2 protein chains.
Amino acid sequence: MNEQPVRKTLPQLDESLLKHLPPFSKLDRRQIRAVLDQATSRRYEAGRTIFDEGAEAGRFFMLLDGYVRVVRVTPTGEQVTALHIPAGQLLGIARALGRDTYPATAITAAESIVLSWPMLLWDSFVADYDGFASETYKTVGNRVGEMNDRIIEMATQQVEQRVANALLRLINQTGRKVADGIEIDFPITRQDLSELTGTTLHTASRLLSAWEKQGLVESHRKRIKVLNPHALVVLSQGH
Amino acid sequence: MNEQPVRKTLPQLDESLLKHLPPFSKLDRRQIRAVLDQATSRRYEAGRTIFDEGAEAGRFFMLLDGYVRVVRVTPTGEQVTALHIPAGQLLGIARALGRDTYPATAITAAESIVLSWPMLLWDSFVADYDGFASETYKTVGNRVGEMNDRIIEMATQQVEQRVANALLRLINQTGRKVADGIEIDFPITRQDLSELTGTTLHTASRLLSAWEKQGLVESHRKRIKVLNPHALVVLSQGH
DNA sequence: GCGCTTCTTTGTCCCAGCGCAACGTTGCGG
DNA sequence: CCGCAACGTTGCGCTGGGACAAAGAAGCGC
């Protein structure tokens with residue numbers, strides 16, 4: 001793990017920000033203050049580890065801004081991205097899974113702002129804040145759903161379909177509308193895409209090139225813009 | 001879904017049975033009575049559907065005996081087994097995932113005895129029974145862990161390793177020690193194995209044949225006995 | 001016992017996609 | 001402006017394992 005998060009005051013954190021975070025969206029002013037007062041805020045550059053698989057789950061986190069990849073490392077050292085987590089979500093919520101170690105490693109995929117609280121506060125948050133528990137269930141439920149989908153994909157779909165699906169998921173989660181399409185608004189390499197889809201960098205690169213020739217996407221290093229999402233959907237369903 | 005479960009008295013259900021079920025293991029006699037009184041018991045033959053993906057999650061279930069496959073069906077009609085659930089576990093606990101429909105279909109893989117309760121009771125169980133909530137978190141956590149593992153497997157491992165892994169998981173969950181090895185004590189076809197590992201019936205069959213020739217396993221239709229688990233472990237790690 | 005169905009085995013063919021390898025491209029720091 | 005590192009592209013050959021096919025084995029009902 002990296003250096004310990006530094007406790008800071010949170011002048012730059014607009015309280016209204018928390019209102020957009022589902023677990024806390026219904027809190028009143030005083031409660032928001034209480035949540036923020038107990039939080040530690042930290043900025044991570046891209047590529048830094050927030051917590052490591054297997055480490056004692058001492059804190060839980062909320063991603064205020066940026067993107068996080070949840071990865072697991074195989075015995076042979078390969079990385080596989082299990083999930084992408086967009087801003088506004090909780091992570092490292094081992095407690096909601098009845099665990100006391102983190103089940104995977106979280107790595108920032110872009111510069112990110114992360115709040116964290118001691119895991120000790122988990123239970124009191126659940127008790128004190130209405131809807132906190134049910135929102136975390138939903139978070140867990142969504143992630144289970146996503147993982148489920150990925151298992152299905154991996155089991156039944158061809159590489160091309162999987163990559164198309166991954167792209168679609170990414171633009172759904174983090175797409176930003178631009179003039180002529182939807183852009184994924186965080187840096188993503190071919191390598192990342194291949195880890196997400198369980199293929200190789202080479203194949204992912206080939207596919208993107210092919211799609212670019214067909215005018216489906218446009219991409220420059222670490223940037224991917226989808227021009228024709230519908231065609232991707234068609235691809236993802238199998239020709 | 002099948003016919004509605006039939007409400008029955010539970011003469012044949014030894015109360016002590018419930019003590020082996022984690023979520024209720026710490027209850028006293030009166031509480032166990034209360035839990036049982038509110039349960040519906042039902043026997044399912046192998047291959048029957050307990051609940052369907054997408055259906056309203058009206059009940060939650062506990063598998064007293066038998067074996068259940070949690071499957072998802074792809075748009076093209078293929079079945080993929082997402083999880084195997086052994087006796088003693090809860091299933092259909094959509095509520096713990098903040099959902100009100102079942103996220104997958106549950107099908108019995110062997111004759112099974114299933115208790116169920118109206119989902120309405122979920123909240124009161126959580127409130128009334130100490131440890132119920134935390135045990136369900138653990139159940140969810142374990143399943144998330146398993147799914148995670150399967151994603152890693154599918155992304156990084158060869159078919160042979162995946163099948164070996166699947167077998168190992170099965171003997172861990174439901175292995176029964178016999179004279180010269182460990183037998184999986186419910187009927188499993190090559191087809192099942194292939195669905196679990198995202199390969200084809202044919203390949204699974206070939207692999208088992210090869211292993212049988214090497215003396216690693218012994219199998220007769222729907223029965224698989226592992227003679228040399230260690231060799232399988234070696235295989236599963238990739239030569 | 002006889003036929004039917006379900007499950008399993010085995011062989012042959014063939015191609016998607018991985019491994020390898022070499023070469024472009026972009027951006028950054030000095 | 002240059003060199004280097006990170007990122008991306010492309011060609012080629014090889015092979016794991018999927019598709020197809022056909023036939024054996026076990027169980028089941030009549």
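What you are looking at is a predicted structure, and each value in this text was computed from that prediction instead of being measured. Proteins come first, then strands; the chains are lettered A, B, ... in the order of their sequence lines, and each starts at number 1.
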How close or far is atom P of D:dG17 from atom CD of A:Gln157, stated in whole angstroms? 19 Å
Protein-nucleotides 9-13 of chain C N/O pairs under 3.5 Å:
residue : atom : partner  : partner atom : Å
C:dT9   : OP1  : B:Arg190 : NH2          : 3.0
C:dT9   : OP2  : B:Arg190 : NE           : 2.8
C:dT9   : OP2  : B:Arg190 : NH2          : 3.3
C:dT9   : OP2  : B:Ser205 : OG           : 2.7
C:dT10  : OP2  : B:Ser209 : OG           : 3.1
C:dT10  : O4   : B:His202 : ND1          : 3.4
C:dG11  : N7   : B:Arg206 : NH1          : 3.1
C:dG11  : O6   : B:Arg206 : NH2          : 3.2

Tell me: CZ of A:Arg223 to P of D:dA6, nearest whole Å? 20 Å
Taken to the nearest whole Å, CD/A:Gln158 to C1'/D:dA19 is 12 Å
Please list, chain by chain and in numerical order, all residues satisfying salt bridge (charged side-chain N to carboxylate O under 4.0 Å, His left out) with B:Lys138, sequence neighbours excluded. B:Glu135
Please round to 10 degrees the angle between the axis of the first five pairs and the axis of the last five pairs in the helix from C:dG1-D:dC30 to C:dG30-D:dC1. 40°
List in chain and number order the residues that pass side chain to side chain contact (heavy atoms under 4.5 Å, CB included) with B:Thr105, two or more places apart in sequence or in another chain; answer none if no residue qualifies. B:Thr49, B:Asp52, B:Glu53, B:Val71, B:Ile107
Qualifying ring-ring contact (aromatic ring centres under 6.0 Å, His included) pairs with a residue from residues 190-212 of chain A, counting only residues at least two apart or across chains: none
Which residues share a salt bridge (charged side-chain N to carboxylate O under 4.0 Å, His left out) with B:Asp149, sequence neighbours left out: A:Arg72
Atom pairs and distances, donor-acceptor, side-chain atoms in residues 171-181 of chain A, under 3.5 Å, two or more places apart:
residue  : atom : partner  : partner atom : Å
A:Thr174 : OG1  : A:Leu170 : O            : 3.0
A:Arg176 : NH2  : A:Glu183 : OE1          : 2.6
A:Asp180 : OD1  : A:Lys225 : NZ           : 3.3

Mind checking what makes salt bridge (charged side-chain N to carboxylate O under 4.0 Å, His left out) contact with A:Arg69, not counting sequence neighbours? A:Asp192, A:Glu195
Residues that A:Asp185 engages under salt bridge (charged side-chain N to carboxylate O under 4.0 Å, His left out), provided they are two or more places apart: none
Summarise how protein sits on nucleotides 24-30 of chain C as a single string, 5' to 3': B when a protein heavy atom is under 4.0 Å from the base, S for sugar-phosphate-only contact, - for no contact. -BBS---
With sequence neighbours left out, the residues meeting side chain to side chain contact (heavy atoms under 4.5 Å, CB included) with B:His220 are B:Glu218
Regarding B:Arg42 and the six-membered ring of B:Tyr44, is the cationic atom NZ or CZ under 6.0 Å from the ring centre and inside 45° of its axis? yes
Return the nearest nucleotide to the side chain of B:Thr189; candidates are C:dA16, C:dC7, D:dG17. C:dC7
Separation of D:dA6 atom C1' from A:Lys222 atom NZ, nearest Å, is 8 Å
Sequence-distant partners of A:Tyr67, ring pair (Phe, Tyr, Trp, His ring centres under 6.0 Å), two or more places apart: A:Phe186
